[in-house]
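In what follows, every heavy atom counts, from backbone to side chain, and hydrogens, waters and symmetry copies are set aside.
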Protein chains: 2
Amino acid sequence: MNVTGHTRRPASIRDVATAAGVSYQTVSRVINGHPSVKQSTRERVLAAIDELGFRRNATALALASGRSRAVTVLTSNTTHYGYASILQGIEEAARAASYAVGIGVLESAEETAVAAEVQRAADAGGGLIVIAYDPAGVGALAAVPADLPVVGVVETPATAPGGDRPWVWTDDREAAHAVTRHLLSLGHETVHYVAIPSSTRRTSARTTGWRQALREAGAPEPRPVQGNWGPAGGHRAGRKLAEDPSVTAILCGNDDLALGVLRALHENGRSVPGDVSVAGFDDAPHSAYLTPSLTTVRLDFTGLGRAAFALLHGVLEQSAPIAPHRVSVPELVVRESTGAPPAHT
Amino acid sequence: MNVTGHTRRPASIRDVATAAGVSYQTVSRVINGHPSVKQSTRERVLAAIDELGFRRNATALALASGRSRAVTVLTSNTTHYGYASILQGIEEAARAASYAVGIGVLESAEETAVAAEVQRAADAGGGLIVIAYDPAGVGALAAVPADLPVVGVVETPATAPGGDRPWVWTDDREAAHAVTRHLLSLGHETVHYVAIPSSTRRTSARTTGWRQALREAGAPEPRPVQGNWGPAGGHRAGRKLAEDPSVTAILCGNDDLALGVLRALHENGRSVPGDVSVAGFDDAPHSAYLTPSLTTVRLDFTGLGRAAFALLHGVLEQSAPIAPHRVSVPELVVRESTGAPPAHT
DNA sequence: GGCATGAATGTGACCGGTCACACAAGGCGC
DNA sequence: GCGCCTTGTGTGACCGGTCACATTCATGCC
């Protein structure tokens, strides 16, 4: 028990060593579980550790050994549901493995700014997880020096830069494909798409899945409307679509966009799902409680985060093989916002 | 330029020193901006730094000097809008000050689990920011050893444990007071309240503000309904309230609860704001786009996060005085979900 | 000229661990 | 009895910085 009143420097292995009457190296052996320590000695050391309340200094460990039991997560945003959930998953897994979690936010996609953030993350030591769902993230992933252990959380393996880096992903293409088919199967002639900002200059996995489903059904392929991330972007896009009476089904790149679209349709006096069906993406927690509740695809973001950490952990400990990893299958959640198109005019 | 093909150990100050033909200590002086270094020497050293791509090793710095330019944020949740925004504010300010940001999630409010998390955070070195809006956070704040630099983000100073620790807060009581008054001024006889889990066993600041406004107006004081954090909790609470025809105004502890309440009212065929007015708390990004759009109180969470970091920064650098700090004034945002009560039956 | 003073620089120890190696004691084969 | 391997333990250097102190040299002042 710490009974001395004044604050004192925490005990080091040398303090423990003198207390137990051994050398500091023996203490080191005990805390590292080295086999060749006599049982009686080990017990004496453990007793001393307990008594002095010794805790191994993480900083010294990192400096001396090189390995730092830390992950830094690089992301462009911590407030969006998907990103935050991935982060939570990472943290969960990291905690279980007693790793420290650091975060770095990519405020702009501008190249030098991204490079600076990557540098900062590298300085922190340990591994890196980059959420590469958007241009900033993709840029960051590309900017990570080759010798740094890193795992990317990517939209789809095809867009992953570097190619040989380990990554995790959910099958967004398949998910988009599934919702689109759901809408088509309800009788809609085609499905319009409000896109999230693409992670690359080319089209996103979600866009691809949507387009593919249309093509398979022989449905016309309208130009995707560019949204933003948030509801405001969806609202803008929704206003345009609401003016077009031929639009009867809208797929949105995420649930926030869908919310904006829903609002825009309401403002234009078009009912959902009576006149227009709307589907989202992600199954954010509020989507089930909207009126109308939102048809969407559930993605296992926390699982994705856990998998990302597991992969990085493997890389850092040089144990697990490095392999791209698809995590979980997206699940279509049908709610009130989708239905049959209005009777033919 | 790094032209050698193979990965090499990053340059240390001794490498720079030999390259510049000075001692390592002189290099140290240059990077720390020590005044007594001859101009010509300084230039030579800077040139060597540039050429070798030297970057100061954060781990070694932390070990040698004790100070670590790092903050760990302890929070019970990273996905809720308010928490995530505070985190974002902290990160923003920390980045500007080139501090590293770590996170630790308090998964349960159970005492030993919380203590373990605090320990882990302490091990990481640097300062601590604890988001103490809920029992887990409050417990964590209380469990932080006295000699650790820590700043609490608290609901209200009165509930802050330890008392002498620096903290930041927004005036939740005042905010609740303002919305409640708004509802009363519309003509409602009283305002019901769906509470978020309280940070202490006693009532929260929001509850207090609400009650105070009722009291001042001489309105009846109904028992607050206990909600949860998310829309599901609001939904449950809303179902109960929807059954009571005398309920014409409902204030919710946050926007997610309000969403659930909105949904429940809709399911019970009560229109908003025609039959019942609903107000939320926080002004989450989606609240403006709900149908009806939600009247709420905007709180400056990112500002709160920035202020928390600034305070901690002051503590760590021993420069600024330690003072409790109220950040920003909450702002009432009136939208569609509140209106006059239905004509008297 | 002698000496205190300050600027510019170098030296050695230290932070708290790990790593490579040395070394003593005990068991075994021959 | 000698060599050799294994087990248990200790010593010194090192990771990459900082800190306290020593040293050198030029300067100012009496």
Side-chain angles (χ1 to χ4, degrees), chain A residues 7-46 48-49 52-70 98 100 122-126 316-317, chain B residues 7-46 48-49 52-70 98 100 122-126 316-317:
Chain A
T7 299
R8 56 175 183 194
R9 176 170 59 65
S12 75
I13 53 167
R14 317 201 190 226
D15 299 331
V16 174
T18 42
V22 295
S23 78
Y24 52 83
Q25 178 62 324
T26 301
V27 177
S28 173
R29 289 197 181 93
V30 170
I31 47 186
N32 289 306
H34 190 98
S36 65
V37 175
K38 216 202 303 188
Q39 186 57 24
S40 63
T41 314
R42 183 187 309 276
E43 276 159 15
R44 235 167 345 120
V45 171
L46 287 174
I49 285 177
L52 297 176
F54 167 81
R55 312 206 84 218
R56 188 222 240 101
N57 179 322
T59 307
L61 173 64
L63 179 59
S65 66
R67 40 199 149 82
S68 65
R69 300 189 81 72
S98 58
D123 284 354
L316 290 174
E317 319 263 305
Chain B
T7 300
R8 54 175 185 195
R9 176 170 59 64
S12 76
I13 52 168
R14 315 200 191 226
D15 299 331
V16 174
T18 40
V22 295
S23 79
Y24 53 83
Q25 177 63 321
T26 301
V27 177
S28 173
R29 288 197 180 95
V30 170
I31 47 186
N32 289 306
H34 191 99
S36 65
V37 175
K38 215 201 304 185
Q39 186 58 25
S40 62
T41 313
R42 182 186 309 276
E43 277 159 14
R44 228 157 3 109
V45 171
L46 287 175
I49 286 178
L52 297 176
F54 167 81
R55 310 204 84 219
R56 190 223 238 98
N57 180 321
T59 307
L61 173 65
L63 179 60
S65 67
R67 41 199 146 83
S68 66
R69 300 190 79 74
S98 57
D123 283 355
L316 289 173
E317 319 265 305

With heavy atoms under 4.0 Å as the rule, sort B:Arg56 into base, sugar-phosphate or nothing.
sugar-phosphate
Between B:Lys38 and B:Ala64, the residue closer to the 5' end of DNA chain C by nearest nucleotide is B:Lys38
Expected string for nucleotides 21-26 of chain D under the B/S/- scheme (protein heavy atoms, under 4.0 Å, primed atoms plus P, OP1, OP2 as sugar-phosphate) is ------
Considering every strand and a 4.0 Å limit on heavy-atom distances, what is the contact class for A:Leu61: base, sugar-phosphate, or nothing?
sugar-phosphate
To the nearest 0.5 angstrom, please state how far the CZ atom of B:Arg67 sits from the CG atom of B:Leu61.
6.5 Å
Of A:Ser65 and A:Ser40, the one whose nearest nucleotide on DNA chain D sits closer to the 5' end is A:Ser40
Counting only N and O atoms by type, is there a donor-acceptor contact under 3.5 Å from the side chain of B:Thr18 to the main-chain atoms of B:Arg14?
yes
At their closest point, which heavy atom of B:Arg56 faces which heavy atom of B:Ile31, and how far apart are they?
NH2-O, 4.3 Å
So where does chain A start and stop touching DNA chain C, 5' to 3', when the test is distance under 4.0 Å to a non-hydrogen atom?
C:dG16 to C:dA20
What contact category does A:Arg42 fall into here, base, sugar-phosphate, or nothing, at under 4.0 angstrom with non-hydrogen atoms?
nothing
Determine whether A:Arg69 and A:Ser98 make a side-chain contact, defined as any pair of heavy atoms from C-beta on separated by less than 4.5 Å.
yes
Please work out if A:Thr41 contacts a base, only the sugar-phosphate, or nothing of the nucleic acid, heavy-atom cut-off 4.0 Å.
sugar-phosphate
Are B:Arg44 and B:Val30 side-chain neighbours, meaning at least one heavy-atom pair lies under 4.5 Å?
no
So does A:Ser36 get a side-chain nitrogen or oxygen closer than 4.0 Å to the phosphate oxygens (OP1/OP2) of D:dT6?
no
A:Ala19 and A:Ala48: which non-hydrogen atoms are nearest, and at how many Å?
CB-CB, 4.1 Å
Tell me the closest heavy-atom pair linking B:Ala11 and B:Phe54, and the distance in Å.
O-CD1, 3.2 Å
How long is the span from the NZ atom in A:Lys38 to the OG1 atom in A:Thr26, to the nearest 0.5 Å?
11.0 Å
Output the rounded distance in Å from OH (A:Tyr24) to P (D:dT11).
7 Å
With B:Val16, which of B:Val22, B:Val27, B:Leu46 fulfils side chain to side chain contact (heavy atoms under 4.5 Å, CB included)?
B:Val27
